[in-house]
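The block underneath contains the structure these notes are about, expressed in structure tokens.
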Amino acid sequence: MILMISFLLMFSYPRYSPDELIVRVKGAGSIETISSRLGAIEVHPVFRSPASELKGIYLLRFPRGTDILSLMDRHRSDPDIDYIQLNHLYRPCAEVVPNDPRFDEQWDMERIRMPEAWSVEKGSEDVVIAIVDTGVNYEHEDIKNKIWRNPGEVPGNGIDDDGNGFVDDYIGWDFTDAPTMPGRGDYTEWDNDPMDEGGHGSHVAGIAGAQPDNSVGIAGVAWRCRIMPVRAGFRVLTGGTYLQDDDAAAAIVYAADNGAKVINMSWGDEEPSLLIRDAIDYAYSRGCVLVAAAGNDSRTDVLYPAAYRKVIAVAASDQNDHKAYFSNANAAIDIAAPGMVILSLGVKEPY
Ligand SMILES: [Ca+2]
Ligand SMILES: [Ca+2]
Ligand SMILES: [Ca+2]
Ligand SMILES: [Ca+2]
């Protein structure tokens, strides 16, 4: 019981995953040698992508209670290791959602003059927006017809038809794998169901892609674009929702490999991550537009991944086009978009 309590206390404000480290192996190094030297009990590659620039990156798991901070420090200058890092945790940049589903309450749409923009451009079905988040409630009536379908995959036959390393990934993938965290719900293993449990991802997806002109609910910004749900966020027992470095990185790379043109990351942390930077460099090199939230803690420093040069950092603005009181802002901000009381899709309540 005392163990349980101290475990929970440790996670009041978790910054990284316990008992896990991420290692990038140097050219000639062997992961078997490294993991036995470090005492890992489990090792697996972070990515299934065939891309050569993503080879040699592994997640290592250690016995419960391992002092991973000193272990990491002891192996920083290991000649076989390119980098070794914590499996950081990211918080979704959440905000308050009212539950009144009508377009005239979507003040943000008028403010950014979406009706005028739509008369010029409604986007294309070919543009896929990946939502790296807590998943998407893909059964919601206002988004179900906007969800990306993997054209090369036959759903539910237990076969990886398109050979991309993911079996039955017909509408996206669930990358949450966080067995050392005190999570709840679905959080321990990858699977092909990116259903939202936290609610944040559905909210973000609705802003980007809720179906306009169908006489129900709300309208998303991207009239015709498709939404690819790539789940990387899970809930913890103590409350709150987190995304791990390895899961988010794998989701970004999946999105880039499977046709996403835009990758949305409405989450962040103060700490940079070499692993996330590798994933972002890869997606950027594949032509993806990467977008992330600056952060909602009223600070002057912009969170990672928004602070990376290849990512468009988005600050939140209010009804008067001023910086929202909670939005982080500094010179790294690329654009500001409405971010206060935005009406969007929910999981438990419909909006
Ligand atoms: Ca597949
Ligand atoms: Ca299949
Ligand atoms: Ca993980
Ligand atoms: Ca899962």
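Atoms within each ligand, like the ligands themselves, are counted from 1 in listed order.
Once rounded to the nearest 0.5 Å, the distance linking CD1 of Ile22 with CG of Leu275 reads 4.5 Å.
Taking the six-membered ring wherever Trp is involved, the centroid distance between the rings of Phe175 and Phe47 does not fall below 6.0 Å. Ring to ring, Tyr254 and Trp173 are not that close: their centroids are 6.0 angstrom or more apart.
Distances from the Ca ion (ligand 1) to the N/O/S atoms of Asp162 are shortest for OD1.
Using a cut-off of 3.0 Å, one finds that Asn164 contributes an N/O/S atom close to the Ca ion (ligand 1). Taking backbone and side chain together, Phe166 holds an N, O or S atom under 3.0 Å from the Ca ion (ligand 1).
Residues forming a side-chain hydrogen bond (donor to acceptor under 3.5 Å, both in side chains) with Asp269 (at least two apart in sequence, or on another chain): Arg15.
Between Asp196 and Gly201, the closest heavy-atom pair is OD2-N, 3.7 Å.
Using modelled atom types and a 3.5 Å distance limit, the side chains of Asn264 and Asp133 yield no donor-acceptor pair.
Hydrophobic cluster membership is shared by Ile131 and Tyr170, with clusters built from Ile, Leu, Val, Met, Phe, Trp and Tyr side chains linked at under 4.5 angstrom. Residues Met72 and Ile31 share a hydrophobic cluster, clusters being chains of Ile/Leu/Val/Met/Phe/Trp/Tyr side chains in contact below 4.5 Å.
Within the structure, the salt bridge (charged side-chain N to carboxylate O under 4.0 Å, His left out) test picks out no pair touching residues 152-163 (sequence neighbours left out).
Under 3.0 Å from the Ca ion (ligand 2), one finds the following protein N/O/S atoms: Glu153 OE2, Val154 O, Asn157 OD1, Ile159 O, Asp161 OD2, Asp168 OD1. Excluding waters, the set of protein N, O or S atoms lying under 3.0 Å from the Ca ion (ligand 4) comprises Asp174 OD2, Asp186 OD1, Asp186 OD2, Glu189 O, Asp191 OD2.
A salt bridge does not link Arg184 with Glu197: every distance from a Lys NZ or Arg NE/NH1/NH2 to an Asp or Glu carboxylate oxygen is 4.0 Å or more.
Ring-plane geometry between His88 and Tyr90 is classed as perpendicular, the angle between the planes exceeding 60 degrees on a 0 to 90 degree scale with a lower cut at 30.
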